[in-house]
Structures are given as C-alpha cells and as structure tokens.
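Quick note: numbers below take in every heavy atom, side chains included, and nothing from hydrogens, waters or symmetry partners. Below, chains carry the letters A, B, ... as their sequence lines are ordered, and counting in each starts from 1.
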Amino acid sequence: MSGELLYIFISALLVNNFVLSYFLGLCPFFGVSGKIDTAVRLGAATTFVMVVASLCASFLHAFVLPYAPYLQLISYILVIASTVQFVEMFIKKISPALFRALGIFLPLITTNCAILGLVLFQTSRQYSALEGVVYAVGAGGGFTLALVLMAGIREEAELSDLPKVVRGTAMSLLIAGMISLAFMGFAGLFSGGE
Amino acid sequence: MTQRDPRLVLQTSPFLQTGVTTPRIMRDVILAALPTLAAATWNFGVVALLVVGSATAGAVGMEWLTTRKRPDNPLLDGSALLTGLLLGLTLPPGIPLWMAFLGGVVGIGLGKAIWGGLGQNLFNPALIGRAFLQAAFPITLTSWMPNRFHGEQVAGFWRLGEQTLAAPLMRRDVEVVTAATPLGLQKFEGTLTDLGHTVIGTTGGSLGETSAILIVLGGLYLLWRRAFDWRIPAAILGTVVVFVAVLHYGFDASRFPTPWFSLTTGGLLFGTVFMATDPVTSPTSPKGAVIFGVGVGVLVVLIRHFGGLPEGVMYAILLMNTASPLIDRTVQSRVFGRGRKAAS
C-alpha cells in the first residue's frame with residue numbers, strides 16, 4: 001500500500017512531471033519563472049489548489065457524477081475556479097506584495113491546464129481519495145520543482161550575453177527543452193524494475 | 001589602451017597571475033583524455049577514431065560557424081575540440097558516423113552557442129549532445145558493438161560496425177551484433193562481470209568508459225595540474241561507494257552489486273573525471289561543489305538501481321547542472337558585517 005503511494009508520488013513528482021514530461025501548465029511555467037521567490041510561492045499556491053481540487057473531485061466522482069456523468073468537466077472547472085478564488089482572497093489578505101508580484105497569473109491558475117489535467121487523470125486512473133491527494137501533492141511538488149529550477153537558470157542566464165535571436169521566450173523554451181531532456185533520466189524510476 | 005613606445009608601463013591589477021588560462025586547462029583535459037582514447041582504439045579498433053573524429057568535426061565545425069565573426073576567435077582555445085572529443089568517447093562504438101557528427105553539432109549549438117559561448121552555458125555541451133542523441137535514436141545509442149576480444153578470435157583492427165557508414169536518416173535493417181555492457185548484464189541478467197576486466201577495460205560499453213584504470217590516470221594528472229576542484233569527484237565517488245555499500249551489505253547482496261563493481265563500470269568514472277568537473281557548469285563555491293557531487297552520486301545510484309535504465313551518469317550530471325544555479329545561491333557566503341539572513 002505505502003509502496004503504491006510512493007510510486008504515485010514519485011511518478012507525479014519526477015517521472016511524469018506535469019510540466020517537463022506532459023507539457024501541461026506551461027503558461028505559468030514561462031510567465032512566473034523569472035524570479036525564484038515568486039516561483040516558490042506560485043508553486044505553493046498551485047499545489048494547494050491541486051490538493052483541494054483533487055479532494056473535491058474525489059467527492060464529486062463518488063457521490064454526484066454517477067448520477068450525472070455529463071457534468072464531469074463543468075463541475076471540475078467550477079471546483080477549480082472557486083478554489084482559486086479562495087486562494088486569491090487569502091493571499092490578497094495575507095501578503096499584498098505577493099499578490100501584486102503574481103499579478104495576472106494568480107487568477108490564471110483557474111485556467112492552468114495542469115490542474116484540470118490532474119483531476120481528469122485521477123478520475124480516469126480510478127484513484128481513491130487518499131491516492132488522489134498523494135498524486136496532487138506529487139504533481140504540485142513537481143510543478144514547483146520545475147518552476148524553481150527554471151527560475152534559477154533564468155536568473156543566471158539573464159547575466160550571460162545571449163545571442164539576440166534567442167533572447168526572451170525563445171531561450172526559455174530552449175531551456176525548458178534541455179531540462180526536459182535531463183528529466184528523461186527518471187524514466188521508470190521506482191516502477192519495480194522491468 | 002596600448003601605448004606606443006611606452007616609457008612608463010601602466011597596468012591595472014591583478015599583477016600576480018597563476019598562469020591558469022582557458023587554453024591551458026583545455027590542453028590539460030585533452031591530454032588527460034588521450035590515454036582513454038588510445039584504450040578505446042585498442043579495444044574497439046579503428047571505429048573508435050572514426051566516431052570520435054566525426055563528433056569532433058561536428059563540434060568544431062559548429063563552433064566555427066557560430067563564432068567566426070567574433071574578433072577574439074574562440075575556436076583557438078580548444079574548448080570545442082575538447083567537447084567533441086569527450087562527446088565521441090561517450091558514444092557507443094557501433095554508432096553511424098553521421099549521428100556522432102550531429103551530436104557534436106547539437107552539443108555545441110544547443111549546449112553552448114545559444115548561451116553566448118564559452119563560460120556562459122549551464123549544461124555540459126557534450127552531455128547535451130549525447131542526451132539529444134539518446135532521445136532521438138534510443139535504439140542505436142543502446143546497441144553496444146562487442147569489443148575486439150569478445151569472440152573466440154580477436155577481431156581485426158580495421159573492422160567497421162554494420163552501421164558505421166550508414167547514410168544519414170536512412171534506415172537499414174541489418175542484423176547488428178551486440179554485446180551487453182557490464183551494467184546491463186548486472187541489471188537485466190544478474191551476472192557480474194569480472195572485476196579485472198572492468199578495471200582494465202576489456203568489456204563492452206561506450207568508447208571511453210571501459211578502461212577504469214586509464215580514466216583514473218587521467219584524473220590524477222588533472223588533479224596534479226589542479227585543473228578541477230577535487231571536492232566534486234571525491235563527493236561523487238564517495239557517495240556512490242557508501243550508498244551502494246549500504247545497499248549491498250545491508251539489504252540485498254544478490255540484487256545490488258559490490259561498490260567496486262559500481263565504481264569501475266559504466267560511465268561513472270568517465271563522467272566524474274571529465275564531465276562533472278567542468279568548471280563552467282558546476283557550482284563555484286567549495287560547499288556547493290560538495291552538494292553537487294553528493295547529488296550526482298545519489299542520482300546515479302537511484303537511476304541505476306531503482307530506475308528503468310541501466311546507466312544514469314549522464315542524466316545525473318545534467319540534472320545537477322540544472323540545479324547548480326540554485327546550489328550556488330543557497331550556499332552564498334554571508335556578506336561581511338551583515339546579519340545572518342541578509343545574504344540572500
């Protein structure tokens with residue numbers, strides 16, 4: 001049981017990292033990876049939204065959706081949007097500075113495809129509520145990890161004299177590709193050997 | 001600021017220099033890699049020289065193409081030559097030559113040129129080239145042509161691989177004779193290769209990784225010339241030995257190999273000596289170097305023994321390259337006179 005949970009966690013964190021291997025959630029990945037501090041906090045906020053959304057989705061999947069399966073997408077989106085609204089109010093109250101730093105990307109967590117992807121994957125793989133939460137923590141952690149690694153590299157790359165053709169988004173895309181190459185090494189990690 | 005006919009020589013600091021220059025370091029590393037190249041040639045025959053030559057041609061050609069308009073002419077510092085040489089030595093002997101060439105082009109192009117040239121890249125260029133090839137041609141990159149001493153008779157020095165001269169992007173369905181690497185044998189079939197073979201290097205594998213003893217020799221030379229920070233190799237090898245020893249003696253001696261086997265097989269020594277120590281892509285502070293080394297060691301053991309691949313040195317180093325800006329930031333020394341938390 002705990003081995004299964006560990007596998008789900010590691011898989012979402014490293015092997016099938018949402019950003020670097022599924023290429024989900026790329027907009028905040030490129031938008032907020034300019035500075036490490038904001039990257040960590042956006043990652044934390046996204047992880048929180050993921051966990052709450054995962055719990056709500058498990059609940060909906062168990063009690064509501066069997067009666068109305070056609071409501072799946074719309075109810076998931078509703079859950080995510082309301083969670084994000086909640087996080088937004090919370091951050092605005094607790095840390096106005098962070099609220100300003102995250103700017104448009106905070107409400108944009110609503111449309112972060114990584115979160116919708118997460119709840120859909122979780123449903124299709126028939127995870128239990130506990131497995132779903134572990135999966136969400138792993139995915140959120142993986143998202144944060146990718147964001148922080150990217151921010152570290154971009155802060156460093158800012159200081160080097162990049163050729164004009166690649167400056168800006170082009171370089172971010174190339175860096176993301178290279179990190180993704182490195183993450184390929186995690187293929188099959190903890191899957192019990194082949 | 002050149003003065004014509006100087007009576008009074010004006011100069012700014014530093015006045016005492018150690019004489020460590022980029023070309024000198026590059027020359028030292030190339031010298032240190034030559035025994036390994038010689039061993040590869042002896043072990044696999046003339047293909048070794050062809051593969052390394054193609055990779056080097058790709059790397060140097062790309063370097064020339066991207067820097068030919070720069071006045072300081074970075075081609076002469078030998079770094080592109082070294083990248084090509086190291087890339088070639090990490091490739092399997094039976095690889096088609098055009099792939100080796102492409103690896104050199106991508107390594108320099110993606111791994112170095114787009115970052116702004118030497119000293120500004122964050123990933124090791126040779127490993128970027130190899131990781132690209134591994135992602136693009138996974139089967140070719142994991143088919144190991146047997147060495148010359150594999151069969152009953154010693155194979156000829158001039159033999160070529162079935163695919164060595166394949167035309168670019170053409171698929172030829174030929175039966176390729178392969179031999180597993182010691183790591184592959186250990187992981188998938190559970191047989192251990194004799195330690196004597198792995199030390200001297202008469203095993204299958206990538207060109208430059210087989211002969212443990214000659215790589216150590218090159219490493220000692222670099223250590224003597226102070227071309228790298230000794231903490232990085234010490235931390236990597238120490239971590240791998242301790243980690244594997246715990247797994248072998250503490251848990252399951254039949255599943256996990258002995259530390260000596262881990263140490264002498266695969267790309268561990270080659271990667272440690274020639275790739276992880278790259279001063280550009282590893283952390284600069286002593287504490288950071290230790291963290292970097294321990295990280296590489298842990299990742300190598302994780303990927304080798306818990307992952308899907310038999311070998312993970314390349315990925316471990318690339319992953320720690322990814323993390324090295326963060327490491328450098330966290331271990332930044334405190335600014336004198338400031339509070340403990342003010343450094344960041």
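- Once rounded to the nearest 0.5 Å, the distance linking CG of B:L318 with CZ of A:F183 reads 11.5 Å.
- Proximity to chain A is absent for every atom of B:L127, based on heavy atoms less than 4.5 angstrom apart.
- Neither the backbone nor the side chain of A:V15 comes within contact range of chain B; no heavy atom of the residue lies under 4.5 Å from a heavy atom of that chain.
- For B:A113, the part lying under 4.5 angstrom from a heavy atom of chain A is the backbone only.
- Here the shortest heavy-atom pairing between B:I114 and A:L162 reads O-CD2, 3.6 Å.
- Of all the heavy atoms in B:A323 and A:L149, the pair that sits closest is CA-CD2, 3.9 Å.
- Atom CG of B:L122 is separated from atom OG of A:S160 by 6.5 Å, given to the nearest 0.5 angstrom.
- Separation of atoms CZ (A:F186) and CG (B:L309) is listed at 11.0 Å; rounding is to 0.5 Å.
- Closest heavy-atom contact between A:L181 and B:A135: CD2-CB, 3.8 Å.
- Rounding to the nearest 0.5 Å places CE of A:M178 at 11.0 Å from CG of B:N321.
- With a 4.5 angstrom heavy-atom cutoff, B:I317 does not touch chain A via any of its atoms.
- In this structure, B:R329 and A:E155 have side chains that are in contact, with non-hydrogen atoms separated by less than 4.5 Å.
- Using a 4.5 Å cut-off between heavy atoms, A:L174 touches chain B through its side chain atoms alone.
- By number of non-hydrogen pairs under 4.5 angstrom with chain B, the leading residue of A:I179, A:V166, A:I36 is A:I36.
- Residue B:S324 holds its OG atom at 7.5 Å from CD1 of A:I153, rounded to the nearest 0.5 Å.
- To the nearest 0.5 Å, atoms CG (A:L159) and CD (B:Q120) are separated by 9.5 Å.
- In plain terms, the two heavy atoms of A:P163 and B:G116 that are nearest each other are CD-N, 3.8 Å.
- In terms of non-hydrogen atom pairs under 4.5 Å with chain B, the most contact-rich of A:E156, A:M150, A:R167 is A:E156.
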